[in-house]
Novice: 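I have a structure here, written as structure tokens, and I will follow up with some questions on it.
What you are looking at is a predicted structure, and each value in this text was computed from that prediction instead of being measured. Below, chains carry the letters A, B, ... as their sequence lines are ordered, and counting in each starts from 1.
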Amino acid sequence: MAISRAAASSVAEALTAPNTAPGAAPVIGVTGAPGAGKSTLIGRLVARRVRDDRTMAVLAIDPSSPRSGGSLLGDRIRMEAISGDPRVYIRSLPSAGAHDGLTDNIAEVLGVLDAFGFGEVLIETVGVGQAEYGVRALAAAEVLVLMPGAGDYVQAMKAGIIETADIFVVNKAELPGAERLEAELLAVLERREVKAPVIRVSAVSDEGVAALSEAIDAFLQESRERETQAARQRFRLQSLVQRRLREVLDQVACEQWRLPLADLYCSVLKRL
Amino acid sequence: MSATAQPGLRGKRILLAKPGLDGHDVGAKVIALALRDAGADVIYTGLRKSPAYIAQAAVDEDVDALGLSILSGSHVELVAQTFDELAARGAGDMAVFVGGTIPAADREALEALGVKGVFNSDMRLADVVAQVARALA
Ligand SMILES: Nc1nc2c(ncn2[C@@H]2O[C@H](COP(=O)(O)OP(=O)(O)OP(=O)(O)O)[C@@H](O)[C@H]2O)c(=O)[nH]1
Ligand SMILES: [Mg+2]
């Protein structure tokens with residue numbers, strides 16, 4: 001099945017897709033606020049990690065407009081460092097109906113990629129707020145990218161993504177405020193007893209990218225068992241049920257919304 | 001951006017690219033936004049890309065259409081090269097649109113190369129979007 005087909009398939013089609021056991025390729029998730037520098041950083045990181053015997057795939061997700069359903073997929077243009085490298089495959093995807101920072105059918109798309117034998121797969125999530133961390137279920141390593149000038153962001157995310165990330169990047173480290181951000185972040189991590197590397201990077205100048213790449217290697221070394229088949233399967237099931245639920249809710253007729261909540265609940269469950 | 005939704009563009013993937021050396025992409029960006037607002041998924045690849053790069057990106061991204069914005073005047077050569085590169089990757093039948101400052105005399109040459117639509121900068125945005133939608137429906 002081609003990637004477009006996998007990405008656009010309906011719930012029914014996705015159910016008949018072959019079982020996609022996680023392939024040999026580790027998935028590296030890169031997440032963080034809009035504009036934090038995820039795409040630029042991925043370009044640098046992939047340029048450093050790609051080898052003739054380790055081709056790389058990048059799935060770059062940008063948000064779909066809730067109004068028109070369309071999207072402007074602008075991540076590829078920021079991945080200057082790898083544009084044109086024949087060992088790197090970049091695929092831009094709209095978030096479509098997904099609200100977890102990923103896209104509908106991301107697990108099926110990963111399954112299709114597995115067949116091509118890439119050495120590693122990177123996923124760039126949409127710029128996330130507090131509650132979107134779907135990539136955790138799919139990634140062997142999750143990198144959270146922060147930038148200075150968004151100090152409130154650390155504050156806002158304390159309970160969310162900070163607990164799911166494996167490696168923290170303070171990007172745009174050459175800008176004022178980077179040290180303060182790092183200090184704030186370290187303080188939050190310490191208070192929550194999260195032990196994870198914090199790495200200062202400047203994706204525009206490539207500074208710190210080597211250190212990040214090493215941190216990823218070290219993390220993958222000690223945690224290869226995390227990306228289990230069960231985790232991916234659970235993720236697929238959850239996203240298919242959520243999509244089916246949206247379909248069913250869309251079919252609830254206007255007048256039915258006046259029914260008691262318990263009745264609505266039963267009738268929706270029955271139709272799932 | 002006021003282009004209205006075009007059912008025919010929903011879920012369609014369109015790559016917008018600028019081959020050649022001119023450094024103005026305001027027009028390409030305006031078209032990108034209009035197509036998005038009409039429901040398409042639009043990938044913009046930026047300035048000064050080679051025909052080989054553009055063709056590879058169009059194939060990798062598995063797009064339904066490729067839009068080339070060319071202001072440099074060398075549109076016929078650039079479009080011909082892009083079709084060659086597409087064909088070399090098994091995508092010679094890609095729906096290709098060209099926008100920019102295209103003299104009327106060159107229209108036919110572009111259409112003979114296989115271009116599905118030629119848009120001049122003075123065309124109304126809504127008409128451009130509608131024509132792309134019709135061609136992809
Ligand atoms: N000063 C500085 N700017 C950077 C750095 N890294 C990225 N940028 C800039 O930050 C802006 C956003 O970068 P992107 O890579 O597009 O950020 P992103 O997180 O992928 O953004 P979205 O995909 O829109 O969420 C661009 O203008 C980059 O050039 C950096 O290390 N230093
Ligand atoms: Mg990005």
Side-chain angles (χ1 to χ4, degrees), chain A residues 1-10 13 39-40 43 46 55-98 103-105 109 112-113 116 118 121 124 126, chain B residues 1-19 25 28-65 67 69 85 88-91 126 129 132-133 136:
Chain A
M1 185 160 50
I3 291 176
S4 298
R5 281 281 317 284
S9 59
S10 66
E13 283 170 330
S39 305
T40 314
V46 170
T55 57
M56 310 272 284
V58 179
L59 296 177
I61 306 163
D62 269 320
S64 293
S65 148
R67 250 193 31 222
S68 73
S71 64
L72 205 50
L73 308 177
D75 293 323
R76 168 183 276 270
I77 193 174
R78 297 274 181 214
M79 300 182 185
E80 280 286 326
I82 46 174
S83 81
D85 187 326
R87 300 167 301 177
V88 180
Y89 176 80
I90 304 174
R91 185 53 170 265
S92 313
L93 293 166
S95 64
T103 179
D104 290 342
N105 293 327
V109 172
V112 174
L113 283 183
F116 291 92
F118 290 105
V121 179
E124 176 179 344
V126 306
Chain B
M1 294 304 115
S2 57
T4 43
Q6 295 274 349
L9 286 178
R10 192 67 191 261
K12 290 286 194 289
R13 295 171 63 83
I14 302 175
L15 190 100
L16 290 184
K18 278 194 68 68
D25 65 350
K29 284 177 175 159
V30 168
I31 296 277
L33 288 172
L35 288 168
R36 178 204 57 189
D37 292 343
D41 296 314
V42 183
I43 302 155
Y44 178 54
T45 59
L47 293 168
R48 300 192 184 92
K49 294 294 189 282
S50 71
Y53 174 89
I54 292 167
Q56 190 62 49
V59 169
D60 284 355
E61 296 282 4
D62 191 16
V63 291
D64 300 291
S69 161
E85 297 288 353
R89 293 164 175 80
V129 171
V132 173
L136 297 185

Novice: As an exercise: rank A:Gly84, A:Ser83, A:Ser64, A:Ala96 by heavy-atom pairs under 4.5 Å with chain B and give me the winner.
Specialist: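 Among A:Gly84, A:Ser83, A:Ser64, A:Ala96, the one with the most close pairs to chain B is A:Ser83.
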
Novice: I need the minimum non-hydrogen distance between A:Ile90 and B:Glu61, along with the two atoms involved.
Specialist: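 Scanning both residues completely, I find the closest heavy atoms to be O-OE2, 3.5 Å.
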
Novice: Please classify the contact of B:Ala40 with chain A as side chain, backbone, both or neither, using a heavy-atom distance under 4.5 Å.
Specialist: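 Only the backbone of B:Ala40 comes within 4.5 Å of chain A.
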
Novice: Evaluate B:Arg36 against A:Leu73 for side chain to side chain contact (heavy atoms under 4.5 Å, CB included), listing each step before the verdict.
Specialist: CA-CA 10 Å; B:Arg36 178 204 57 189; A:Leu73 308 177; over 6 Å; no

Novice: Could you look at B:Ala52 and say if it's the side chain, the backbone, both or neither that has a heavy atom under 4.5 Å from chain A?
Specialist: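 Neither part; nothing is under 4.5 Å.
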
Novice: Would you give the length of the straight line joining atom CD1 of B:Ile43 to atom CD1 of A:Ile77, rounded to the nearest 0.5 angstrom?
Specialist: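 CD1 of A:Ile77 is found 11.5 Å from CD1 of B:Ile43.
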
Novice: Mind running side chain to side chain contact (heavy atoms under 4.5 Å, CB included) on A:Leu72 and B:Leu33 for me, showing each step along the way?
Specialist: CA-CA 7 Å; A:Leu72 205 50; B:Leu33 288 172; 3.6 Å; yes

Novice: Heavy atoms only: give me the nearest B:Asp41-A:Ser71 pair and the separation to one decimal.
Specialist: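 That would be OD1-OG, 2.6 Å.
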
Novice: Is chain A contacted by the side chain of B:Lys49, its backbone, both, or neither, given a heavy-atom distance below 4.5 Å?
Specialist: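 B:Lys49 touches chain A through side-chain heavy atoms alone.
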
Novice: Considering only heavy atoms and a distance below 4.5 Å, find which of B:Leu9, B:Ile14, B:Thr45 pairs most often with chain A.
Specialist: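 Maximum pair count with chain A is reached by B:Thr45.
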
Novice: Within the side chain of B:Tyr44, is there an N or O that forms a donor-acceptor pair under 3.5 Å with the backbone of A:Gly74?
Specialist: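 No.
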
Novice: What pair of heavy atoms forms the shortest contact from A:Ser92 to B:Arg13, and how long is it?
Specialist: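 Result for this residue pair: O-NH2, 2.9 Å.
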
